Amino acid sequence: MAEHRYDPHEIEPRWQSVWASERTWEVSNERGADGRGDGRGGFARGGSQTQSAYVLEMLPYPSGEPHIGHLKTYSVGDAIAHFRRRLGSRVLHPMGYDAFGLPAENHAIRTGVHPRVSTAESIASFQRQFRSWGISIDWSRELATHEPSYYRWTQWIFLELFRAGLAYRKEAAVKWCPKDQTVLANEQVDAEGHCERCGAVVEVRQLEQWFLRITDYAERLLGDLDVIEWPEHVKTMQRNWIGRSEGAEVTFRCEELGVDYPVFTTRPDTLFGATFFVMAPEHPDVMRLSRGTPNEQAVHDYVNHALNETNEERGNAEKPKTGVPLGRTVTNPVNGEQIPMYVADYVLMEYGTGAIMAVPGHDERDYAFARAFQLPIRRVIAPSDSQATPEPEADEDGLPYGGDGVLVNSHPDFDGIGNREALGAIVAWLDREGKGHASVNYRLRDWLVSRQRYWGCPIPILYCERCGMVPVPDEQLPVELPDIDDYTPKGRSPLAAAEEWVNTRCPSCGGSARRETDTMDTFVDSSWYFLRYCDASNERAAWDPAALREWMPVDQYIGGVEHAILHLMYARFFTKALADLGHLDFQEPFQALFTQGMVTKDGSKMSKSKGNVVSPAAIVERVGADTARCYILFVGPPDQDADWSDEGVDGVHRFLSRLWRLAAETAERAGAPVAELAGPAAAEGDDLDLMRKTHWAIDKVSGDLRRFAFNTAIAAVMELLNDCSRLRDSVGVDTLRFALGTAASLLFPFAPHVCSDIYELLTGERVWEQPWPEADEALLEREVYELVCQVNGKVRDRVQASADAVPETLKDLCRAAPNVRAHVDGREIVKEIVVPGKLVNLVVR
RNA sequence: GCACCAGUACCUUAAUCGGUGAAAGGACCGGUCUUAAACACCGGUGAUCCGGGUUCGAGCCCCGGCUGGUGCACCA
């Protein structure tokens, strides 16, 4: 027999060139009339494809080379795409690049190489590697966000939002990264106040910037989380980020200045316990209120100090409370009390109205402040049951008390009423008196999208001396990004130096005008790319609505959990806004989401500084793409983190090697390939066992693929191969051919090259054109099985039982088993438990 | 501090409705093949975090604890 050696470096390029030259994975937007769907697409002899599926992995940012995380994402996505194709769907599985962004620009500053050049190199390297991995991509729809043909439509969407009032300029206290020299969105600053990209501590600056009105969509972004199939922890993160709270807006009046100050509170039931009033240092009225009072200088100093604090210093709840009295009072609307006003940094300008009513008896923070400044602390809610647990820092009176109870020390109309009930009554009263109303508040803020950087999509707005702010007319789009010489950030956009580009004519009056020089946050580019794939080469519109009807929404989206808030929230917002503008007829872009875990090495995140980076290119070079892909899916559940191990890779490589070799030998033994893949009609003995194992594997892999349990699916094929090896000489060649062909068919979504090869060797056919195999129910059930005989829950014997035996028969079989009799003899059977197909348990005394 | 998730062999994972003597791969050890080794094949060692409870029967359900991970955390 000839020597058979598994050689992925011969097999893989051979199949890749078949898929490339036949354009196997391309799909058109119209379902073909020839009964094969598209006429070309990857599937299914004879079957008409009535379903469409859109499988999408998150848009990669092309920087240098793909890393191991990309390999995992696309291994998962490709497995899903292949599975759905072979279940009978036309599958859209496209690829593109998130090509604008800071790393390319920073690289340009260091080296002088234009970002367009370094980006093109990175994209070429990504394309090369994705092809070498054998990912089934429809390359005809490839896009990159930095190409004018793409960002022309990013600009169009921006203008649509602008015309609808959803894009606007305002001056606000914004986050500024001193290292990257640009403003950032709230979402791009972590909990400790660091820049998400470079890690520098961000500052707060008062600047005029472009915002998108995502807050208008807070309620819908929250509510529609209930209708999408996303991992619960991602939904929880979005819910937390949106941060909805119900309560009331209550107006406190400063009589001395005749100004009303509304505050937001979730606890209007504690209004009678408000003993002071606090404003954020950034509140615009703080200086005005203190002017002319003895505290003016102290307030001034305090505010200056507070504004210079970092988020990290200021956000620390453990820190002692600080503040300064403003020297004014406001009136508590429910009881007319004059209560003192303070400025304190524990109140945030960004949330609510930037001012709060302080109820030290029932709020820990207000309590801490009141103790520090010797302010009155009043109990207005008494626990209704005596076992109520006091707060950790509670004093001898049990204050602050955050639980429920009945109102006390409030008002004769409310005292004695349960606080939840009183809450509604007090809000109703405020409403009647015109002093407040029920209100809902969100933590979510509007999305700051302008950036003072070069390598991004220009904002298509002009500033005309006569007409003011003017959108660039659609027919003049795209506003192309000009070439410049100096990318160095100087606190304003590098584009401002491109005088020829900046100075232009106003489209409405013809007078001189200047272009907006800020560029867009790159998250804008990636908030709509999934729409463009549906109609990627359309030059007249961003998309044809018919194309979206065919594919959107994305059936299965795949990516890292690090985008749980940023990208996934922005894309949902764009979808809803574009739907409101009549451009889409669906509300959610990603019907189902799968978030894959990180790949670590030696237990920690791969990074250049740690020197523990595993390069996908090196792995593919060593063992081939099929092994790399199978290993990364086999190493553990794909939604969990997985630690890379070179020994584990070798194990998987041996598995593929054994599979291919045994298949090649079997093909040789079987003679010419036979298209029909079926085992013997009436098998018995070892043949029957292997037939059973094969159908068990079909059932197991199909179920596992449906629930993304790729690791166990691969393990099931390993088990099947083990049985094939064990029984190779004792079963007929047909049986072996069927088992191995089926193994290749089942493993194809994970290891497409070697499985295509094996399937062709055995059948002469193309595995991707075959429908997914179906398990024969009759072979999943056994007509005879081993019945476990227990006495008092302990296994004492086993006997052969027939599958259709009734419980009475099973009991008799068990009682008759020799070793059972030894344990039962002379004792009384008090209970008999029968689990048909499994066991009988005799309980004796 | 709060919430969620997880703890199974030396490692990474499996065990579908609570049902056999807990499965796969790697690692390790031995055997066959080989001049020898690698590969391959055959065989082997070895585990349910701790303490209670429910049950005829618990890795799985309940209570408490321990350890690790993730998210949130001065948001009124």
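Throughout, protein chains are lettered first and strands after them, A, B, ... in sequence-line order, and every chain is numbered starting at 1. As the structure is a computational prediction, the values presented were derived from the model and not from experiment.
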What donor-acceptor contacts under 3.5 angstrom involve side-chain atoms of residues 810-820 of chain A, with partners at least two apart or in another chain?
residue: A:K811; atom: NZ; partner: A:E808; partner atom: OE2; Å: 3.4
residue: A:D812; atom: OD1; partner: A:R815; partner atom: NH2; Å: 2.6
residue: A:R815; atom: NH1; partner: A:E832; partner atom: OE1; Å: 3.4
residue: A:R815; atom: NH1; partner: A:E832; partner atom: OE2; Å: 2.2
residue: A:N819; atom: ND2; partner: A:R796; partner atom: O; Å: 2.5

N/O donor to acceptor pairs below 3.5 angstrom from side-chain atoms of residues 716-723 of chain A, sequence neighbours left out:
residue: A:E719; atom: OE1; partner: A:K693; partner atom: NZ; Å: 2.9
residue: A:N722; atom: OD1; partner: A:R658; partner atom: NH2; Å: 3.4
residue: A:D723; atom: OD1; partner: A:R726; partner atom: NH2; Å: 3.4

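Shown here are the side chain to side chain contact (heavy atoms under 4.5 Å, CB included) partners of A:H305, two or more places apart in sequence or in another chain: A:E309. Scored by the side chain to side chain donor-acceptor pair (under 3.5 Å) test, A:Q188 finds A:R451, A:D521 as partners (sequence neighbours excluded). The side chain to side chain contact (heavy atoms under 4.5 Å, CB included) test applied to A:A713 returns A:V701, A:D704, A:F750, not counting sequence neighbours.
Heavy atoms only, all atoms of each residue included: A:Y351 and A:Y442 are closest at CE1-O, 3.8 Å.
Using a 4.0 Å cut-off, no side-chain N or O of A:N240 falls inside it from OP1 or OP2 of B:A3. Not one side-chain nitrogen or oxygen of A:T236 sits closer than 4.0 Å to the OP1 or OP2 atom of B:A3.
Listed nucleotides B:U13, B:A76, B:C74 differ in distance to A:N711; the shortest reach to its side chain belongs to B:U13. Nearest to the side-chain atoms of A:R707 among the listed nucleotides B:U13, B:A15, B:A76 stands B:A15. Listed candidates were B:C74, B:C56, B:C72. Nearest to the side chain of A:I565 is B:C72. Comparing B:A76, B:A14, B:G19 against the side chain of A:P637 picks out B:A14 as the nearest. For A:E719, counting side-chain heavy atoms from C-beta on, the closest listed nucleotide (B:C56, B:A14, B:A23) is B:A23. Nearest to the side-chain atoms of A:M718 among the listed nucleotides B:U13, B:A76, B:G25 stands B:G25.
Comparing the C1' positions of B:G44 and B:U48 gives an interatomic distance of 22 Å, to the nearest angstrom. Comparing the P positions of B:A76 and B:G65 gives a spacing of 29 Å, expressed to the nearest Å. To the nearest whole angstrom, the two C1' atoms, one in B:C4 and one in B:G46, are 34 Å apart. Nucleotides B:A15 and B:C61 are separated by 13 Å at their P atoms, to the nearest Å. Between B:U55 and B:C63, the distance separating the two C1' atoms is 16 Å to the nearest Å. Atom C1' of B:C2 sits at a distance of 27 Å from the matching atom of B:C60, rounded to the whole Å. Between B:A73 and B:U16, the two C1' atoms lie 39 Å apart (nearest whole Å).
Across all strands, A:S645 comes closer than 4.0 Å to no nucleic acid atom at all (heavy-atom distances). Among the protein residues, A:N441 comes within range of no part of the nucleic acid, since none of its heavy atoms lies under 4.0 Å from any strand.
Side chain of A:H362 to main chain of A:I381: a donor-acceptor pair is present (N/O by atom type, distance under 3.5 Å, no hydrogens or angles).
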Dump the pairs, protein N or O against N or O of nucleotides 39-41 of chain B, anything under 3.5 Å, distances to one decimal.
residue: B:C41; atom: OP1; partner: A:R658; partner atom: NE; Å: 2.8

